There are 2 protein chains.
Amino acid sequence: MKQLVEERQGETASRCGHTPVLHAPPVLPVQDVDGEIEGQRVRFVQHALIFLEGDPADRIFQVVDGAVMLYKLLPDGRRQVVELLGPGDIFGLSFKPVHDSSAETLSPALVTSYERSAVERSPHFLARLNRCVQSQICALHEHAVLLGRKSALERVASFLMRFVPLHTCPTHQDREQMLATVRLTMTRQEIADYLGLTIETVSRAFSELRRRGVVSIEKQDEVKINHVCGICRLTGTH
Amino acid sequence: MKQLVEERQGETASRCGHTPVLHAPPVLPVQDVDGEIEGQRVRFVQHALIFLEGDPADRIFQVVDGAVMLYKLLPDGRRQVVELLGPGDIFGLSFKPVHDSSAETLSPALVTSYERSAVERSPHFLARLNRCVQSQICALHEHAVLLGRKSALERVASFLMRFVPLHTCPTHQDREQMLATVRLTMTRQEIADYLGLTIETVSRAFSELRRRGVVSIEKQDEVKINHVCGICRLTGTH
DNA sequence: GGCCGTCAATGACGGCGCTCAAGGTTCCAA
DNA sequence: TTGGAACCTTGAGCGCCGTCATTGACGGCC
């Protein structure tokens, strides 16, 4: 993942002052896997801005590698991260001619973009798009439950469960992997904005989980999962 | 809308004890407008259950007339309404073979359902589906902001703005219409579960809006909008 | 090494919204 | 008209989480 790091650094600060901007035009024209539509691949550094809410939405994007977040801002500066995306996820969809949210990388990322109008003319691509979108809708539903109905501790526990690879009957070997350290590529502020909390509350929730023994905080962005079932029980979902 | 009212009444109470159930098979086989796929039309009474979270998801649905809500339950009974749907909206999508949420009518409703596998084979239909889904994703993003970052008063104000037909430069005639009474087909409990609040807090927010003079509560489910801009300013979005 | 900037953890305190309880409305049926 | 059920409103009290401020850890830079 390290080799994906940089290619161009952004020019200006984003509206909310969080991150550098990369507004360079896409780089590598590539043929879509299906051979139907021409996609363009771009590498982004960590914390690069891919587009801003309100930018014209004439291309759609797919994460190839790395992580991307979508967020929206209120006029007074409050921010809500509305989606966390990984490899295979699609973003940049909008029913209006402009994007409804901003997109920013959480890690060095490789992204493919496609011309929107071309995508909408390709049945094959639409079918793939359809499948991607459905899983994203389910994720959004799940997230609405988290934001609307869960306590701070439940939110943070649910967040950590995202990083546990298997949710079902782990074999011993799997369990070993699950106990491995999870690297959070997000700052406390980003986590807080995703979970609808403040950084302080996120921090306190992490401390509480540590106090209860279910996790150990190795470094700031490295969490060791000691007790998967323990965390799972705290999510409120099970 | 009154003539759509009933056709069959449900047999049992739903899991959460909110509503009667309608699990009757679809009624009127109709040809899709595009002549490609056979859809089946069903009329539902108000507060009818269309499907439950966990039911097999082998059909997808489209609202023709009336209103439908999608909700999810936590094991301890907490409920979150994740989507409010009106004419044209599609639901029943899931990336798993079962539904990720339950669907219930908020008013008498006319719904068309299509066989899922057939839909996914029809390019024409996929294109339509794609457009519908994109606007729903934007709505889910907007709702995440509401749930994660808005105060109770802002949430209720935002909720009311859904019912204001025009958001832009109303002519005098439009403004007259906008000042007309809005009928909420939702109970306070349903509104609360949609906004991530309790009924008491929703009630207090309505009272606060009344105290400020921006609305009048005519009957329990009829709200007169006195001052659109006033409400709009309280949403936090503008 | 010393300085500073960034980020996280923690404590004190206050307020928003939840809980619990009581009373009021609305509406239907007898 | 009256009783009752369902729903809504309002108040009192409290707890979770936000706000504000301090401290500490870490890393870059001169």
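Convention: sequence-line order gives letters A, B, ...; per-chain numbering from 1. No experiment lies behind these values; they were computed from the predicted model shown.
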Salt-bridge present (Arg149(B), Asp193(A); N to O < 4.0 Å)
yes
Short N-O contact, Glu222(B) and Arg183(B), less than 4.0 angstrom:
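Judged by the 4.0 Å cut-off on N to carboxylate O distance, Glu222(B) and Arg183(B) do form a salt bridge.
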Is Thr198(B) near enough to dG17(C) that one of its side-chain N or O atoms lies under 4.0 angstrom from OP1 or OP2?
no
To the nearest Å, how far apart are [X] [atom1] and [N] [atom2]?
| X | N | atom1 | atom2 | value |
| --- | --- | --- | --- | --- |
| Leu197(A) | dG18(D) | CG | C1' | 10 Å |
| Ile217(B) | dC7(D) | CD1 | C1' | 15 Å |
| Asp221(A) | dA8(C) | CG | P | 9 Å |
| Gln46(B) | dC27(C) | CD | C1' | 14 Å |
| Asp193(A) | dC7(C) | CG | P | 13 Å |
| Met186(A) | dC7(C) | CE | P | 14 Å |
| Lys150(B) | dC17(D) | NZ | P | 22 Å |
| Glu222(A) | dA25(D) | CD | C1' | 15 Å |

Hey, are the side chains of Ile231(B) and Val215(B) touching, using non-hydrogen atoms and a 4.5 Å cut-off?
yes
Contact between Arg79(B) and Lys72(B) at the side-chain level, heavy atoms closer than 4.5 Å - yes or no?
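The answer is no, as the side chains (C-beta and beyond) never meet within the 4.5 Å cut-off.
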Counting primed atoms plus P, OP1 and OP2 as sugar-phosphate and everything else as base, spell out the protein contacts along nucleotides 10-16 of chain C at 4.0 Å heavy-atom distance: B, S or - for each nucleotide, 5' to 3'.
BBB----
Between Glu208(B) and Arg204(B), is the salt bridge (Lys or Arg N to Asp or Glu O under 4.0 Å) condition met? List the steps.
CA-CA 6 Å; Glu208(B) 178 63 25; Arg204(B) 276 186 256 269; over 6 Å; no
Step through it carefully: locate the ring centre of Tyr71(B), locate the ring centre of Tyr194(B), and say whether they are under 6.0 Å apart.
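No - the distance between ring centres of Tyr71(B) and Tyr194(B) does not fall below the 6.0 Å cut-off.
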Of the options dG18(D), dA8(C), dC8(D), whose atoms approach the side-chain atoms of Gln220(A) most closely?
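Closest of the options to the side chain of Gln220(A): dA8(C).
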Is Lys219(A) touching bases, backbone alone, or none of the nucleic acid, heavy atoms closer than 4.0 Å?
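The residue Lys219(A) makes no contact with any strand.
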Would His141(A) and Glu53(B) count as having a side-chain donor-acceptor pair, cut-off 3.5 Å?
no
